[in-house]
2 protein chains.
Amino acid sequence: MRPPTLRDVALQAGVHPATASRALNPETRGLVNEDTANRVIKVAKALGYRPNPIARSLKTARSATIGLLVPDLTNPLFPPIVRGVEQVLSPVGYSAWIVNTDNDLDRERSQVMSLRSRQVEGFIIATARLHHPLLEQLHAEGVPMVLVNRRLADGGVPSVTPDDAAGATMAVAHLTSLGHTRIAHLAGPQDTSTGVVRLRAYREALAAHGIEEDPALIATCASWTEQEGAVGLRQLLDSGADFTAVLGGNDMLALGCYDVLEERGLSCPQDLSVVGFNDVPFVDKLRPPLTSIHVPHQEMGAEAAHLLLDMLQNPGRHPRSVLLPPTIAVRQSTAPPRAHTP
Amino acid sequence: MRPPTLRDVALQAGVHPATASRALNPETRGLVNEDTANRVIKVAKALGYRPNPIARSLKTARSATIGLLVPDLTNPLFPPIVRGVEQVLSPVGYSAWIVNTDNDLDRERSQVMSLRSRQVEGFIIATARLHHPLLEQLHAEGVPMVLVNRRLADGGVPSVTPDDAAGATMAVAHLTSLGHTRIAHLAGPQDTSTGVVRLRAYREALAAHGIEEDPALIATCASWTEQEGAVGLRQLLDSGADFTAVLGGNDMLALGCYDVLEERGLSCPQDLSVVGFNDVPFVDKLRPPLTSIHVPHQEMGAEAAHLLLDMLQNPGRHPRSVLLPPTIAVRQSTAPPRAHTP
DNA sequence: ATGAAAGCGCTAACAA
DNA sequence: TTGTTAGCGCTTTCAT
């Protein structure tokens, strides 16, 4: 049996489909006599009527749906962000269409086009790079969008990100307070705001602590993965550079450090202190528990969703960006340096 | 400027919209003169024509979309399954609409209705409980669906799951081979197939090894969470029961054991060997690395997607279920029991 | 306050 | 092989 349509409801209630539409839509219910409205509603319920959002979208060019672009759901940073987004959208009747780009720009482009043709009303984007033609174009076209976690070089695009500079500064301060002076950094990809800002803040924090910068202590990683973190640390160790602590650009890079320490028979924190960034789930249970810069993941997602909804409701209003303050979670991966370096 | 429609393309190419439709759709291209088809295609490309899937769905009652129900994306078991699903769907032009149910049956019901009204062509479902009226009803209505990870009591619904019995058996065999005879089990929720099957297999494996079953060594957890795992192990320890190893119903429950050992000042594996189930990402990096039953997460998703696509293409065919063989990943959380128990 | 009519963009009979 | 026609289910002018 075909599911009932608006026409069925209207027929049954003895009104015109247009009237039934008005009665059933809270936005337009005021236009209709209260009694008829109630009658229609009752019939709709009796028939088990479910409005067809596809037909509605075709007519209205809206969809109560937003697109959520994530680089990689298997990175534990992102599921909590997704959850934050859903938590805000769902009470107002919106849904998120989640897509994984796998850090592939072509894939991302085709997914964005597909989402647009499905009439998503806006985007929440966790895949931003500093220069990102696709996203810049979307923004130029006036497509409502909010960046999360990472920003574009163009600060005019609204975003919700951790205060990366403050976080890196805290990390360095923590290490210096333990007595470290030779602090290395595994910088993330320099085509991302997080990679660039954290690196810059690391440098400035060293300077602020009167520590001279040593380029040999910086390795730049090509992606935010455990593998790349391992590559970076191996490179630093093999260069013969002398350091007692390392700041990972994020937790995945720090995880890669753990792998290298293991393979080299070094121990953390005795031989090397390690600090991560993001404090994603489970790093508190690693061996050893990872000291990391904590950022409120779920709140990032929730705040991004709020911003986007706000933009959808007030198309004129000037877009804001939000910087969320991090905190440091000190755990056993950091300790004072040994008298003799490794 | 309004995006071009099929009408625009047809006009520009000097054909009727219907012809343009046929030319642009690979399925119907054969019905049209090759030259005209090419002309239409060229015009479409020139105009940057994008078909409107909403209009198409409204007409065809299909959507090239399936619904993917996940209980909780922040459980690292699920992102790889999602990835496996996408990896299979995407090459054939299908997309998955991912929804988080948060283990809330009401939420799940409303999300399923919403997905159905969006014309999803089928479901891949990771939220099954043994008795699950919503899913049973879907199946009864003939909605194409494939369960993943967990099954319904009704074995007639196609599913892709690990061979839970084999896994639990391997875990017990591993522990007994180390010399353990007092082996506890934190059983998962008994309204899920995974919870029930693993518990049963644990029992049978003990018997097969000539170990008498002791009900005091089994705690049943109300949910598959770290918190519940902790509750369960505390209960076992407080009961004064005597055991040297524990098999967690899944990795989250095993993680909860880690928390309790830490809070009681006990050490793993010296005081207690712990085995998990699923071998989710990161458990190999815990303190200590967790011995766990490895199941191929991504493959589960991929296989489920294959099954579903198959059902969509051959509606008549008899549905199959797939059991994937697990392996055991032996790590440092298991060791021979000490002479003196804790 | 309600109805009539039109159309969102596309596809599937049917006709030619 | 192509065009005609109709309609998927809904909303929104416009008219009454």
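Chain letters run A, B, ... following the sequence lines, proteins first, then strands; residues in each count from 1. These numbers were taken from a predicted model, which means no experiment stands behind them.
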List for me each residue that meets salt bridge (charged side-chain N to carboxylate O under 4.0 Å, His left out) alongside B:D102, sequence neighbours excluded, and say none if there are none.
A:R83, B:R107
Distance test, side-chain N/O of A:T36 to OP1/OP2 of C:dT2, below 4.0 Å:
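Looking at the OP1 and OP2 atoms of C:dT2, one of them is under 4.0 Å from a side-chain N or O of A:T36.
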Would you mind reading off the distance between B:E27 atom CD and C:dC10 atom P, rounded to a whole angstrom?
17 Å
Do B:L135 and B:M145 make a side-chain contact, defined as non-hydrogen atoms from C-beta onward lying under 4.5 Å apart?
yes
I want to check something: taking the side chain as every heavy atom from C-beta on, are B:V112 and B:L134 in contact at a cut-off of under 4.5 Å?
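Sidechains of B:L134 and B:V112: in contact.
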Donor on one side chain, acceptor on other, B:T65 and A:R118, under 3.5 Å:
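Per modelled atom types, B:T65 and A:R118 side chains form a pair under 3.5 Å.
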Test your reading of the model: is there a side-chain donor-acceptor pair from A:T19 to the backbone of A:V15, 3.5 Å cut-off?
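Such a contact is absent between A:T19 side chain and A:V15 backbone.
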For nucleotides 4-13 of chain D, 5' to 3', base contacts (B), sugar-phosphate-only contacts (S) and non-contacts (-) with protein non-hydrogen atoms under 4.0 Å give BB-BBBBBBB
